[in-house]
S.K.: 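I'd like to ask you about the structure that follows.
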Amino acid sequence: MAVVTRFAPSPTGFLHIGGARTALFNWLYAKHFDGEFLLRIEDTDRKRSTPEAIDAILDGLRWLELDWDRDAYFQSQRAERHAAAAHSLLEQGRAYRCYCTPEELAEMREAAKREGRSMRYDGCWRDRDPSEAPEGVDPVIRLKAPLDGETVIDDQVQGPVRVENSQLDDMILLRSDGTPTYMLSVVVDDHDMGVTHVIRGDDHLTNAARQTQLFLALDWTPPVFGHIPLIHGADGQKLSKRHGALGIDAYQEMGYLPAALRNYLLRLGWSHGDEEIIPTEKAVAWFDLDAVGKSPSRIDFDKLESVNQHYLREADTETLVELLLSRLGTGDDAADTVRARLAAGLGSLTERAKNLNELAEMARFYAQAPSYPLENAKAAKLLNDDGVAHLTDFAAALQPLDGWGEAELEQAARDFVAARDIGLGKLAQPLRAALTGSNASPGIFEVLHILGKEEALTRLSAVPGAGQ
RNA sequence: GUCCCCUUCGUCUAGUGGCCUAGGACGCCGGCCUCUCACGCCGGAAACAGGGGUUCGACUCCCCUAGGGGACGCCA
């Protein structure tokens, strides 16, 4: 039987990092077994579901390059089918009408809590005659779940998990307004969609037991479950808005590459020996549930950055240039010149940057000449009297040069400092400040070369006090 | 409160009874390289939560304790 996995987010918010990893694992599992990866939007909570959230989730998945098979399913469109399943259970005597009011239920929970019992519905309408039904109360439909014995989930990540049936109450299938609950919808949809493997956060572990009961009541075979541990914030606490529970678009804005984020997320909770850099092809080849860890992990931006830098170095130049251009916000006028400079300078720039934003800042001088006074205090200090004097003389020495290759430029600089008996740094640092506006940059001869003779000499003469 | 799950360096993890004087990666510290910043290279500090068993031998198996997480909705 072909493997079918699914990612089933509820569109009540953006796609966060935990959801992204769940989607990734489902995607990888399907790819590994040459199966299908489906997407189902669980929008049955009309009050909280928004079209914006649906778009954010879809965009997030697309950005991460996690493509889904078939068309996306929308749970809200299948409510009739869900209700039908509940009614058939009712006819078979496997479900019943319950007339308890929300108030009574709340009272029940209070009492249970007081007496130290587990807080669950006591099943008082389970065998009660419908003729006793109170007037004017719309009943809910509950599953007539087994009273004793146990439900066992052979979880592919957590191992066998046994839950006493006495711990599970008769779950509501249909609300008093006739709409299906999450439990019912999930089970019916997973069955109808042919889902064979349910991979999701372990906050659903106890749901798996209830859902198994439902599958069995419907005479369906439950899917294989794999409950992956949750991701926590850097402080070990549950993910919240303050740390890490950001939308996937935030990671995009922070300058991470999709391939890098996938690699990082993959290693959170999953491993393959000592492998760290795992491109998607290898991930597909290696991924399986047995290598997923059981304990929750924390998000670590340092590591993410490091992985990102790796992918930055390997990224296609053209792609990177476009990504940078949009971040530099430069006009179109000089676009071709800037593109060429960026393409030439990218190689050594990616050795220095950990994300696209840093990269853009480091590359900025290829698009714009420094403006005075220099913002960078250390750089400004390099342009003191001595520094400017050296620059002026060196510019004069450069003027008659025919070639502008790195080697020639370096030779000229070495001859220059040797003649004056000064260290190379005495010349290189002021040069750097004048050319890039900064005290840190790629090798100065590379910068000189990429900028070109005309632009370089223009920048040198633009230094305040130069040429006297 | 009840039930379920988890626990190896700061973080992500390798480890499936002897290969472990516990390995790797990120981060951190030191050094080398050097026109700056990086990269790279070399070296370093850093962990089996605690206590009982089982065993010739436990990071690995069992029990207890502690800590962490999750679930207990007519939310998903």
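All chains are named by letter (A, B, ...) in the order of the sequence lines, taking the proteins before the strands, and each is independently numbered beginning at 1. Just the heavy atoms: all of them, side chains too, but no hydrogens, waters or symmetry mates, feed the values below. A quick note: this is a predicted structure, and the numbers were derived from the prediction, not measured.
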S.K.: Name all residues meeting the salt bridge (Lys or Arg N to Asp or Glu O under 4.0 Å) criterion together with R364(A); count only those two or more places apart in sequence or in a different chain, and write none if there are none.
M.R.: E361(A)
S.K.: Should A66(B) form a Watson-Crick or G-U wobble pair with both distances under 3.5 Å, which nucleotide is its partner?
M.R.: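 Pair assignment: A66(B) / U7(B).
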S.K.: Output the single nucleotide from C5(B), A76(B), C26(B) whose closest atom is nearest the side chain of Q158(A).
M.R.: C5(B)
S.K.: Round to a whole Å and report the spacing from NE2 of H390(A) to P of U36(B).
M.R.: 17 Å
S.K.: What string of B, S and - do you get for nucleotides 39-48 of chain B 5' to 3' if you count protein non-hydrogen atoms under 4.0 Å?
M.R.: SS--------
S.K.: Going by heavy atoms closer than 4.0 Å, what residues in residues 256-280 of chain A are next to RNA chain B?
M.R.: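 Those residues whose heavy atoms fall under 4.0 Å from RNA chain B, taken from residues 256-280 of chain A in numerical order, are R267(A), L268(A), G269(A), S271(A), G273(A), D274(A), E276(A).
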S.K.: Nearest of C5(B), U7(B), A76(B) to any side-chain atom of S295(A)?
M.R.: U7(B)
S.K.: Taking the side chain of L205(A) as its heavy atoms from C-beta onward, which of C4(B), A76(B), C3(B) lies nearest to it?
M.R.: C4(B)
S.K.: Taking the P atom of each, how far is A76(B) from C9(B), in whole Å?
M.R.: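 These two P atoms come out 39 Å apart once rounded.
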S.K.: Between I231(A) (CD1) and G70(B) (P), how many Å, whole number?
M.R.: 13 Å
S.K.: With both distances under 3.5 Å as the test, what is the Watson-Crick or G-U wobble partner of A71(B)?
M.R.: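 The base-pairing partner of A71(B), which may sit in any strand shown, is U2(B).
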S.K.: Given the C1' atoms of U21(B) and C64(B), what is the spacing between them in whole Å?
M.R.: 31 Å
S.K.: Any strand is fair game: report the nucleotide pairing with G43(B) by Watson-Crick or G-U wobble, both distances under 3.5 Å, or none.
M.R.: C29(B)
S.K.: Under 4.0 Å, heavy atoms only, any strand: does V161(A) hit a base, just the sugar-phosphate, or nothing?
M.R.: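 Sugar-phosphate only.
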S.K.: Would you call R327(A) and E358(A) a salt bridge, using N to O less than 4.0 angstrom?
M.R.: no
S.K.: More 5' along RNA chain B: A8(A) or P160(A), using each one's nearest nucleotide?
M.R.: P160(A)
S.K.: For D192(A), is there an ion pair with R81(A) - N to carboxylate O distance below 4.0 angstrom?
M.R.: yes
S.K.: Quick test of your reading of the model: are R40(A) and E42(A) salt-bridged, counting only N-O distances below 4.0 Å?
M.R.: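 The answer is yes: the pair qualifies as a salt bridge.
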S.K.: From the options C75(B), G70(B), U11(B), select the nucleotide whose nearest atom is closest to the side chain of L230(A).
M.R.: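 Nearest to the side chain of L230(A) among the choices is G70(B).
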S.K.: Tell me whether the side-chain N/O atoms of T206(A) come closer than 4.0 Å to OP1 or OP2 in C4(B).
M.R.: no
S.K.: When the C1' atoms of C26(B) and A47(B) are considered, how many whole Å apart are they?
M.R.: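 Straight-line distance between the two C1' atoms is 16 Å.
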S.K.: Okay, side chain of S271(A), backbone of R267(A): is any donor-acceptor separation there less than 3.5 Å?
M.R.: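 Flag not set: sc S271(A) to bb R267(A) has no pair under 3.5 Å.
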S.K.: Determine which nucleotide pairs with C59(B), using a 3.5 Å limit on both distances of a Watson-Crick or G-U wobble pair.
M.R.: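 Per the H-bond distance test, none.
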S.K.: Give me the one residue out of L265(A), T280(A), L64(A) that meets side chain to side chain contact (heavy atoms under 4.5 Å, CB included) with L24(A).
M.R.: L265(A)
S.K.: Parallel, tilted or perpendicular: which fits the ring planes of F287(A) and F25(A), with parallel below 30° and perpendicular above 60°?
M.R.: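 Geometry flag for F25(A) against F287(A): tilted rings.
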S.K.: In whole Å, what is the span from the CG atom of D189(A) to the C1' atom of A76(B)?
M.R.: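 Going from D189(A) (CG) to A76(B) (C1'), I get 13 Å.
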S.K.: Under a 3.5 Å cut-off for both distances, is U34(B) Watson-Crick or wobble paired, and to whom?
M.R.: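 With both distances under 3.5 Å required, U34(B) matches none.
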S.K.: Is any side-chain N of the basic residue among D189(A) and R6(A) closer than 4.0 Å to the acidic one's carboxylate O?
M.R.: no
S.K.: Quick one: label S306(A) by what it contacts on the DNA or RNA (base, sugar-phosphate, nothing), any heavy atom closer than 4.0 Å.
M.R.: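 The answer is sugar-phosphate, as S306(A) gets under 4.0 Å only of primed atoms, P, OP1 or OP2.
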S.K.: Need to verify one output field. Residue with the more 5' nearest nucleotide on RNA chain B, G293(A) or D203(A)?
M.R.: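 Between the two, 5'-proximity favours G293(A).
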S.K.: Output the rounded distance in Å from NE2 (H310(A)) to C1' (A25(B)).
M.R.: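 Rounding to the nearest Å, NE2 of H310(A) and C1' of A25(B) are 13 Å apart.
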S.K.: Using the P atom as the point on both nucleotides, what is the distance between A45(B) and U7(B), in whole Å?
M.R.: 28 Å
S.K.: For the pair made of NE2 in H204(A) and C1' in A71(B), what is the distance, rounded to whole Å?
M.R.: 11 Å
S.K.: Under the rule for salt bridge (Lys or Arg N to Asp or Glu O under 4.0 Å), what residues qualify as partners of R94(A), not counting sequence neighbours?
M.R.: D219(A)
S.K.: Taking atom P of U36(B) as reference, at what distance in whole Å does atom CG of L435(A) sit?
M.R.: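 Taking CG of L435(A) and P of U36(B), I get 16 Å after rounding.
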S.K.: Provide the distance between the two C1' atoms, one in U36(B) and one in C42(B), to the nearest whole Å.
M.R.: 23 Å
S.K.: Working to the nearest 0.5 Å, report the span between CH2 of W68(A) and CZ of F37(A).
M.R.: 8.5 Å
S.K.: Charged N to carboxylate O below 4.0 Å: is that the case for D138(A) and R97(A)?
M.R.: no
S.K.: Judged by atom type as modelled, is there a donor-acceptor pair below 3.5 Å linking the side chain of D202(A) to the main-chain atoms of L205(A)?
M.R.: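 Absent.
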S.K.: Are the ring centres of F14(A) and H16(A) closer than 6.0 Å?
M.R.: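 When the ring centroids of F14(A) and H16(A) are compared, they turn out to be at least 6.0 Å apart.
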S.K.: Describe, in one word, how the ring planes of H197(A) and Y29(A) are oriented to each other, choosing from parallel (under 30°), tilted (30 to 60°) and perpendicular (over 60°).
M.R.: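 Rings of H197(A) and Y29(A): tilted, 30 to 60°.
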S.K.: Taking only the P atom of each, what is the distance from A66(B) to C74(B) in whole angstrom?
M.R.: 32 Å
S.K.: Look at K303(A) and U11(B) and indicate whether a side-chain polar atom (N or O) is within less than 4.0 Å of OP1 or OP2.
M.R.: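 K303(A) to U11(B) OP1/OP2: no side-chain N or O under 4.0 Å.
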S.K.: By the side chain to side chain donor-acceptor pair (under 3.5 Å) test, which pairs, at least two apart or in different chains, include something from residues 423-434 of chain A?
M.R.: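 Residue pairs with at least one partner in residues 423-434 of chain A: Q429(A)-R432(A), R432(A)-S441(A).
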S.K.: Could you tell me how far apart E103(A) (CD) and C74(B) (P) are, to the nearest whole angstrom?
M.R.: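 It is 12 Å, rounded to the nearest whole Å.
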S.K.: Measure from CE on M183(A) to P on G73(B) and round the result to the nearest Å.
M.R.: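 Checked: the CE to P distance equals 10 Å.
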S.K.: In whole Å, what separates the C1' atom of C29(B) from that of G10(B)?
M.R.: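 My reading of the C1' atoms in C29(B) and G10(B) gives 14 Å.
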S.K.: Using nucleotides 31-35 of chain B, report all nitrogen or oxygen pairs with the protein that are shorter than 3.5 Å.
M.R.:
| from | atom 1 | to | atom 2 | distance (Å) |
| --- | --- | --- | --- | --- |
| C35(B) | OP1 | R414(A) | NH2 | 3.4 |
| C35(B) | O2 | R432(A) | NH2 | 2.3 |
| C35(B) | N3 | I444(A) | N | 3.3 |

S.K.: Between G23(B) and A46(B), how far is it from one P atom to the other, in whole Å?
M.R.: 12 Å
S.K.: Looking for any heavy atom pair under 4.0 Å, which part of the strands does D177(A) touch: base, sugar-phosphate only, or nothing?
M.R.: nothing
S.K.: Would you mind classifying the nucleic acid contact of C100(A) as base, sugar-phosphate or nothing, using non-hydrogen atoms under 4.0 angstrom?
M.R.: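 Here C100(A) touches the bases of the nucleic acid.
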S.K.: Out of U36(B), C74(B), G69(B), which nucleotide sits closest to the side chain of A440(A)?
M.R.: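 Nearest nucleotide to the side chain: U36(B).
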